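Values reported hereafter were calculated over all heavy atoms of this structure, with side chains retained and with hydrogens, waters and symmetry mates removed. No experiment lies behind these values; they were computed from the predicted model shown.
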Amino acid sequence: QVQLVESGGGLVQPGGSLRLSCAASGSIFSIYNPGWYRQAPGKQRELVAAITSGGVTNYADSVKGRFTISRDNAKNTVYLQMNSLKPEDTAVYYCNMMVVTTAGSLGVWGQGTLVTVSS
């Protein structure tokens, strides 16, 4: 079955950097429209960054200029480079993408990885 495995979360000081990765595994032909979401304690899940098949990116205003989303289609993996991290970035980060299988296109979520920004 299709599964998204996230990694890269952890504790970092303000101004530091982290790189998240999300790899899809299973009987997958390809992936498209990957994105990253986050959910802070007591808040709703929000879109952080997304990238289209054509490479067009979309970022939340709060992370523009600091975060970069990228993908490696050959590895069915999406990344989120996070620089100049702020305490407000503390949240559980989830990846999401469409995967193409024998059953067609299916939206899949990762399990989430915790990012904590604190001194």
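- Under the 4.5 Å side-chain heavy-atom criterion for ILVMFWY residues, no single connected hydrophobic cluster contains both Val78 and Val100.
- Under the 3.5 Å distance criterion, with hydrogens and angles disregarded, no donor-acceptor pair is assigned to the side chains of Ser53 and Arg71.
- A single hydrophobic cluster is not seen to contain both Tyr79 and Met98; linkage of ILVMFWY side chains at heavy-atom distances under 4.5 Å, directly or through other members, places them apart.
- For the atom pair CZ (Phe67) and CG (Leu85), the distance works out to 5.0 Å, reported to the nearest 0.5 Å.
- Salt-bridge formation is detected for the pair Asp61/Lys64: a Lys NZ or Arg NE/NH1/NH2 atom is positioned less than 4.0 Å from an Asp or Glu carboxylate oxygen.
- Rounded to the nearest 0.5 Å, atoms CG (Leu114) and OH (Tyr93) are 10.0 Å apart.
- Remark: side-chain polar atoms of Thr77 are paired, donor with acceptor, to backbone N or O of Lys75 under 3.5 angstrom.
- Residue Trp36 holds its CH2 atom at 12.5 Å from CG of Leu47, rounded to the nearest 0.5 Å.
- Cluster annotation: Tyr32 and Ile51 are assigned to distinct hydrophobic clusters (Ile/Leu/Val/Met/Phe/Trp/Tyr, side-chain heavy-atom contacts under 4.5 Å, transitive).
- Counting heavy atoms from C-beta outward, Ile28 and Val2 have side chains that approach closer than 4.5 Å.
- One finds the OG1 atom of Thr116 at 13.0 Å from the CD atom of Gln13 (value rounded to the nearest 0.5 Å).
- Judged purely by atom type and a 3.5 angstrom limit, Asn76 has no side-chain atom pairing as donor or acceptor with the backbone of Ser30.
- Interatomic distance, Ile31 CD1 to Cys95 SG, rounded to the nearest 0.5 Å: 9.0 Å.
- Residue pairs that meet the side chain to side chain donor-acceptor pair (under 3.5 Å) test with at least one member in residues 15-27, sequence neighbours left out, are Ser7-Ser21, Ser17-Asn83.
- Ring pair Tyr94/Trp109 is perpendicular by interplanar angle, where above 60° counts as perpendicular and below 30° as parallel.
- Of the possible donor and acceptor atoms, one in the side chain of Tyr59 sits under 3.5 Å from a partner among the backbone N and O of Ile69.
- When atom types are taken as modelled, the side chain of Arg38 and the backbone of Val92 share no donor-acceptor pair closer than 3.5 angstrom.
- Remark: the backbone N or O of Tyr37 is not paired with any side-chain donor or acceptor of Glu46 at under 3.5 angstrom.
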